[in-house]
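Position 1 is the first residue of the sequence; numbering continues from there. A quick note: this is a predicted structure, and the numbers were derived from the prediction, not measured.
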Amino acid sequence: MDVREEARRLHALFANQPAQLVQYLATQLATVKTYAQIIVGLCGLTITVTGFSGAHMIRSGSTAAMLMVSGIALVMIGLIVCIRTITALRWVSQDLSDDLIETATVVLARRDREQRLVSIAALFVAGGLACYLGAVSVAALVGGNFAPG
């Protein structure tokens, strides 16, 4: 369903409750921001852990170091996208018009755009974490902490 159709359906659902429609739209935007904040927290945790284990991975050789740096770079890209999404504040009241279907259409389009950006950021973070896991694995193998059975 496209945003225009979704806006029409929501308008019909909240036909006699325009304030609740606006509240509903604001809540959807808040959900996307919360999702972005969770990813930002995960990025912070990843960067903190790197501070503790990064030196060990670097000492393990260039493969582990390259994976670690690549992982952190991908996490940072995801972090930047999330921060830009979180800080790009635009209130639902700024989009309010006399036509609530148009208001809903604009807000829903923004919700979808922000959700897409946060999903892209999550992919960068997941890729970064995969690289980081690879670095930890290489460091464990090279460092002698892994003994094949």
Side-chain angles (χ1 to χ4, degrees), residues 1-11 13-14 19-97 99-146:
M1 161 177 10
D2 70 340
V3 292
R4 188 83 180 152
E5 178 60 25
E6 185 178 1
R8 274 193 224 103
R9 287 180 181 210
L10 287 172
H11 183 263
L13 182 65
F14 291 100
Q20 280 73 22
L21 173 59
V22 173
Q23 179 61 43
Y24 181 81
L25 295 170
T27 302
Q28 289 205 340
L29 290 175
T31 300
V32 175
K33 301 288 187 184
T34 300
Y35 178 39
Q37 289 171 338
I38 290 168
I39 293 172
V40 167
L42 180 59
C43 292
L45 181 62
T46 303
I47 292 166
T48 300
V49 169
T50 301
F52 294 113
S53 60
H56 175 68
M57 285 186 267
I58 290 170
R59 282 192 303 270
S60 296
S62 61
T63 301
M66 180 199 65
L67 284 168
M68 183 193 71
V69 170
S70 297
I72 294 303
L74 290 171
V75 167
M76 288 300 294
I77 292 168
L79 178 62
I80 290 166
V81 172
C82 279
I83 288 173
R84 289 193 64 183
T85 301
I86 290 170
T87 59
L89 289 177
R90 181 161 176 87
W91 306 105
V92 173
S93 60
Q94 291 175 293
D95 293 321
L96 261 176
S97 72
D99 180 356
L100 284 181
I101 293 175
E102 184 58 31
T103 298
T105 301
V106 169
V107 173
L108 292 171
R110 184 166 73 244
R111 175 207 62 193
D112 290 352
R113 185 175 53 256
E114 289 179 358
Q115 176 62 41
R116 203 169 24 258
L117 287 170
V118 172
S119 294
I120 290 168
L123 290 174
F124 276 107
V125 172
L129 291 174
C131 287
Y132 190 81
L133 178 60
V136 169
S137 299
V138 168
L141 290 171
V142 171
N145 297 332
F146 178 79

Spacing of [atom1] belonging to [X] relative to [atom2] belonging to [Y], to within rounding of 0.5 Å:
{"X": "Ile86", "Y": "Leu117", "atom1": "CD1", "atom2": "CG", "answer": "12.0 Å"}
{"X": "Met57", "Y": "Thr63", "atom1": "CE", "atom2": "OG1", "answer": "13.5 Å"}
{"X": "Thr34", "Y": "Ile39", "atom1": "OG1", "atom2": "CD1", "answer": "11.5 Å"}

Indicate yes or no: at least one non-hydrogen side-chain atom of [X] is less than 4.5 angstrom from one of [Y].
{"X": "Leu10", "Y": "Leu108", "value": "yes"}
{"X": "Arg4", "Y": "Glu102", "value": "yes"}
{"X": "Met76", "Y": "Ile47", "value": "yes"}
{"X": "Leu79", "Y": "Val40", "value": "yes"}
{"X": "Thr103", "Y": "Leu21", "value": "no"}
{"X": "Val92", "Y": "Arg110", "value": "yes"}

Quiz prompt | Pair Glu6 + Arg9: basic N to acidic O under 4.0 Å | solution =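 Not counted as a salt bridge, because no side-chain N and carboxylate O are separated by less than 4.0 Å.
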Practice problem: Give a yes or no on whether Arg90 atom CZ has more than 12 heavy-atom contacts from other residues, nucleotides or ligands under 6.0 Å away. | Solution: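 Check passes, neighbour count above 12.
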Quiz item: More than 12 heavy atoms of other residues, nucleotides or ligands under 6.0 Å from OH of Tyr35: is that the case?
Solution: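 Yes, OH of Tyr35 has more than 12 neighbouring heavy atoms, counting only those of other groups under 6.0 Å.
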Exercise. Check whether the side chains of Gln28 and Tyr24 place a donor and an acceptor atom closer than 3.5 Å, and report yes or no.
Key: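 There is such a pair (donor and acceptor under 3.5 Å, judged by atom type) between the side chains of Gln28 and Tyr24.
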